[in-house]
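To start, the structure under review is shown below, and the notes come after it.
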Amino acid sequence: KAGVTQTPRYLIKTRGQQVTLSCSPISGHRSVSWYQQTPGQGLQFLFEYFSETQRNKGNFPGRFSGRQFSNSRSEMNVSTLELGDSALYLCASSERTWPYNEQFFGPGTRLTVL
Amino acid sequence: GNSVTQMEGPVTLSEEAFLTINCTYTATGYPSLFWYVQYPGEGLQLLLKATKADDKGSNKGFEATYRKETTSFHLEKGSVQVSDSAVYFCALSDEGGKLIFGQGTELSVKP
């Protein structure tokens with residue numbers, strides 16, 4: 001099976017702009033989670049979508065949003081970008097069967113905000 | 001709340017040395033535990049997992065045992081190689097399904 005794919009891999013934006021990142025999960029996986037990775041804060045959970053519904057949300061401001069489509073592909077959107085949003089954004093997919101909730105990660109999208 | 005604490009890095013070892021990376025956790029309930037590895041410029045790869053107390057996860061010569069009594073999940077490898085140089089993350093998955101990560105431990109193996 002193909003792995004998790006994320007597009008684009010690199011992105012440069014300026015403050016105040018908005019950005020949309022895309023994630024295609026492993027075929028058959030209905031759960032998609034998003035994480036932000038920064039040198040200062042490490043890996044932090046943003047949100048999870050399962051069957052087009054947000055199931056879980058981390059402690060991020062409302063500028064961070066997401067959605068999932070009927071084919072399980074997911075997008076996340078960040079509006080009014082700030083310098084501190086510069087990070088590696090990782091998407092992970094899983095079959096979400098407890099307790100074997102293995103999450104498989106994509107290569108990430110490196111976002112730089114200038 | 002749930003949390004994971006890993007030993008500070010970076011850790012520098014010579015090839016064929018023994019590796020231990022300590023990981024302890026705080027959690028309510030019975031989380032699943034994972035070790036992920038991240039190579040430069042890449043995403044995270046699942047290295048091994050354990051879902052209940054006394055389970056031992058193993059893969060590619062790495063091992064970790066789920067110790068509920070000490071709330072630990074230490075990563076070990078008997079003989080490291082240069083190709084093992086990477087950042088290692090310990091994580092738990094609570095019943096809500098999200099992963100909570102430790103801060104990561106950078107491992108550098110010298111020939």
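First the proteins, then the strands, lettered A, B, ... as listed; each starts at 1. Here the structure is a predicted model, which means the values were calculated and not measured.
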Any side-chain donor-acceptor pair under 3.5 Å between Tyr35(A) and Gln103(A)? yes
Modelled atom types, side-chain donor and acceptor of Gln41(A) and Thr38(A), under 3.5 Å: no
Under 4.5 Å heavy-atom distance to chain B, tell me which part of [X] shows up: side chain, backbone, both or neither.
X	answer
Glu48(A)	side chain
Gln37(A)	side chain
Arg9(A)	side chain

Check each atom of [X] against the heavy atoms of chain A and say whether the ones under 4.5 Å are side chain, backbone, both or neither.
X	value
Gln38(B)	side chain
Glu42(B)	backbone
Leu44(B)	both

Answer yes or no: is there an ion pair linking Lys110(B) with Glu15(B), defined by an N-O contact shorter than 4.0 Å? no
Pair up each side-chain donor or acceptor in residues 62-69 of chain A with any protein partner under 3.5 Å, not counting sequence neighbours, and list the distances.
{"from": "Arg63(A)", "atom 1": "NH1", "to": "Ser79(A)", "atom 2": "O", "distance (Å)": "3.1"}
{"from": "Arg63(A)", "atom 1": "NH1", "to": "Thr80(A)", "atom 2": "O", "distance (Å)": "3.2"}
{"from": "Arg63(A)", "atom 1": "NH1", "to": "Asp85(A)", "atom 2": "OD2", "distance (Å)": "2.8"}
{"from": "Arg63(A)", "atom 1": "NH2", "to": "Asp85(A)", "atom 2": "OD1", "distance (Å)": "3.0"}
{"from": "Arg63(A)", "atom 1": "NH2", "to": "Asp85(A)", "atom 2": "OD2", "distance (Å)": "3.3"}
{"from": "Arg67(A)", "atom 1": "NE", "to": "Glu75(A)", "atom 2": "OE1", "distance (Å)": "3.4"}
{"from": "Arg67(A)", "atom 1": "NH2", "to": "Glu75(A)", "atom 2": "OE1", "distance (Å)": "3.3"}
{"from": "Gln68(A)", "atom 1": "OE1", "to": "Phe50(A)", "atom 2": "N", "distance (Å)": "3.4"}
{"from": "Gln68(A)", "atom 1": "OE1", "to": "Ser51(A)", "atom 2": "N", "distance (Å)": "3.2"}
{"from": "Gln68(A)", "atom 1": "OE1", "to": "Glu52(A)", "atom 2": "N", "distance (Å)": "2.8"}
{"from": "Gln68(A)", "atom 1": "NE2", "to": "Arg30(A)", "atom 2": "O", "distance (Å)": "3.1"}
{"from": "Gln68(A)", "atom 1": "NE2", "to": "Ser72(A)", "atom 2": "O", "distance (Å)": "3.1"}

Does Phe60(A) have its ring centroid less than 6.0 Å away from the ring centroid of Phe47(A)? no
